[in-house]
Amino acid sequence: VQQFGFTEATKRAGLGDLSGKPVSEVLNALLDRLGGESSSIDDADARQSLSDLQEELLSEAQTVEEIEAILSSGDLNVEGLLERFFGHYIFEQFSRVFYERLVQRVGAQQAVSFLGQIKQFIQSSLAGRALERDLSMVDWGGTEGANIVSEICSQTLEVFGA
């Protein structure tokens, strides 16, 4: 979008012409194209994370032109987007895999009250790792990515379940 503009970028991504369409239709088309099918639990977590990132970035957009302006912003870069996306993804993983353990340790009411803080903790943990290395160089589908996700989830459980 930064390089070619929204209309050309969507055409190149195989989305056809989305100009003139309602913003909700444009956002759904972007999510479907970028999120792919959710054939596994990890795919579903990734798709939900992409949806959360889209909501975070584009919730205020009322027109395609506003979407283009946001996505063309010089403030957006691959590393920052990856960090935000994987922050959402790790939160999804934590919620699915570790949440029950947290409930067992602190009780359901306390666990629910921690969710906002847990999301912030995960995002901060990932931001710290991003200072150490470029997140775009991590093989997120391999052992290295799985280790990062597991370590951050375990640390989160340790902090909030103590």
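Bear in mind that the values here come from a model prediction, so they are computed numbers and not experimental data. For reference, positions follow the sequence shown, starting with 1.
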[atom1]/[X] to [atom2]/[Y] distance, rounded to the nearest 0.5 angstrom?
| X | Y | atom1 | atom2 | value |
| --- | --- | --- | --- | --- |
| I67 | S72 | CD1 | OG | 11.0 Å |
| R12 | E8 | CZ | CD | 4.5 Å |
| H88 | Q54 | NE2 | CD | 11.0 Å |
| I70 | L57 | CD1 | CG | 7.5 Å |
| I122 | F86 | CD1 | CZ | 14.0 Å |
| S95 | L115 | OG | CG | 6.0 Å |

Hey, is the main chain of [Y] close enough, under 3.5 Å, to the side chain of [X] for a donor-acceptor pair?
| X | Y | value |
| --- | --- | --- |
| S51 | R47 | no |
| W140 | L135 | yes |
| E66 | Q62 | yes |
| S150 | N147 | no |

In this structure, are over 12 heavy atoms from other groups packed under 6.0 Å from L81 atom CG?
-> yes

Are [X] and [Y] packed together at the side-chain level, in the sense that at least one heavy-atom pair is separated by less than 4.5 angstrom?
| X | Y | result |
| --- | --- | --- |
| Q48 | D52 | yes |
| I152 | Q93 | no |
| Y99 | L157 | no |
| T156 | L102 | no |
| L58 | L53 | no |
| C153 | V97 | no |
| F160 | V106 | no |

Can you name the closest pair of heavy atoms from [X] and [Y] and give their distance?
| X | Y | value |
| --- | --- | --- |
| A127 | E83 | CB-OE2, 3.2 Å |
| D134 | S136 | OD1-OG, 2.7 Å |
| S49 | F85 | CB-CE1, 3.6 Å |

ILVMFWY network linking I41 to I90, side-chain heavy atoms under 4.5 angstrom = no

Could you state whether I118 and V112 fall into the same hydrophobic cluster, counting links through intermediate Ile, Leu, Val, Met, Phe, Trp or Tyr residues with side-chain heavy atoms under 4.5 angstrom apart?
-> yes

If the plane angle is over 60° it's perpendicular, under 30° parallel, otherwise tilted; pick one for F98 and F94.
-> parallel

Begin with the C-alpha distance, continue with both residues' side-chain angles, and end with the deciding distance and a verdict on side chain to side chain contact (heavy atoms under 4.5 Å, CB included) for R96 and E92.
-> CA-CA 6 Å; R96 186 172 49 77; E92 288 298 318; over 6 Å; no

Is the shortest distance from a Lys or Arg side-chain nitrogen in E151 or R129 to a carboxylate oxygen in the other one below 4.0 Å?
-> yes

